[in-house]
Amino acid sequence: MSNEPSDEQRVWQVVALIPVGQISTYGEIAEMAGLGRGARLVGRIMSRLPQGTTLPWHRVINASGRISLPAGSAGYAEQRRRLEDEDVVFIKGRASLRRYRWRP
DNA sequence: GATATGACCGCAA
DNA sequence: TTTGCGGCCATAT
């Protein structure tokens, strides 16, 4: 039988490892999950997460340091609130923390 | 098969 | 710093 984890499974696994209060980007996640330049794939997978998931999806932002959800949307507000609850500071719409980088 | 779309990215100007 | 554009890759039509 195939125990091969799907791309979706690997992305979930990588996102789950992001430490509290730290952030990563779609591109970094794609790279770590072995998807190469599949940043858009990561974005698609994030958009399809089941409600009530325990995954720290809010710690994933784009390469510009900004939240990718439409500004003003409910999703944007929730992601920003969750990050601020973890002491991530926003300045002019950008997360002030240096983005989390994986340690090889 | 061709085209359009998306929680993206890097780079040039 | 911000914008625009090409590149990227899975899905939907």
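Here is the naming used below: chain letters follow the sequence lines, and residue numbers restart at 1 for every chain. These numbers come from a predicted model, not from an experiment. We use all heavy atoms of the structure for the numbers below, so side chains are in, but hydrogens, waters and symmetry mates are not.
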Under 3.5 Å, N/O pairs linking protein and nucleotides 11-13 of chain B:
none

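Members clustered with A:Ile91: A:Val89, by chain and number, using a 4.5 Å side-chain heavy-atom cutoff among hydrophobic residues.
The salt bridge (charged side-chain N to carboxylate O under 4.0 Å, His left out) test applied to A:Glu8 returns no partner, not counting sequence neighbours. Residues passing the side chain to side chain donor-acceptor pair (under 3.5 Å) test with A:Arg82 are A:Glu78, sequence neighbours excluded.
Counting to the nearest Å, the P atom of B:dC9 and the CZ atom of A:Arg37 are 14 Å from each other. For the pair A:Arg48 CZ and B:dT5 P, the computed distance is 16 Å after rounding to whole Å. Distance, A:Ile61 CD1 to B:dC8 C1': 13 Å, rounded to whole Å. To the nearest angstrom, C1' of B:dC8 lies 13 Å from CG of A:Leu69. What separates CH2 of A:Trp12 from P of B:dA7 is a distance of 17 Å, to the nearest Å.
Identified under the salt bridge (charged side-chain N to carboxylate O under 4.0 Å, His left out) test for residues 51-68 of chain A, with sequence neighbours left out: A:Arg59-A:Glu86.
Looking at residues 39-46 of chain A, you'll see A:Arg40, A:Leu41, A:Arg44 sit with a heavy atom under 4.0 Å from some atom of DNA chain C. Of the residues in residues 77-87 of chain A, none has a non-hydrogen atom less than 4.0 angstrom from any atom of DNA chain C.
Here A:Leu83 contributes atom CG and A:Ser96 contributes atom OG; the two are 10.5 Å apart, rounded to the nearest 0.5 Å. In this structure, the separation between CD1 on A:Ile61 and OG1 on A:Thr25 is 8.0 Å, given to the nearest 0.5 Å.
Within 4.0 Å (heavy atoms only), A:Gly27 reaches sugar-phosphate atoms of the nucleic acid but no base atom.
For A:Gly21 against A:Val88, the heavy-atom pair with the smallest separation is O-CG2, 3.7 Å. Closest of all the heavy-atom pairs between A:Tyr76 and A:Ala71 is CD1-CA, 3.7 Å.
From the 5' end on, the contacts that DNA chain C makes with chain A at under 4.0 Å to a non-hydrogen atom open and close at C:dT1 to C:dT11.
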Name every donor-acceptor pair, under 3.5 Å, that has one atom in a side chain of residues 29-55 of chain A and the other anywhere in the protein, sequence neighbours excluded.
| residue | atom | partner | partner atom | Å |
| --- | --- | --- | --- | --- |
| A:Ser47 | OG | A:Arg44 | O | 2.6 |
| A:Thr53 | OG1 | A:Leu55 | N | 3.1 |

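Across the P atoms, B:dA7 and C:dT13 are found 15 Å apart, a figure rounded to whole Å.
Using modelled atom types, one side-chain atom of A:Gln79 and one backbone atom of A:Val60 make a donor-acceptor pair closer than 3.5 Å.
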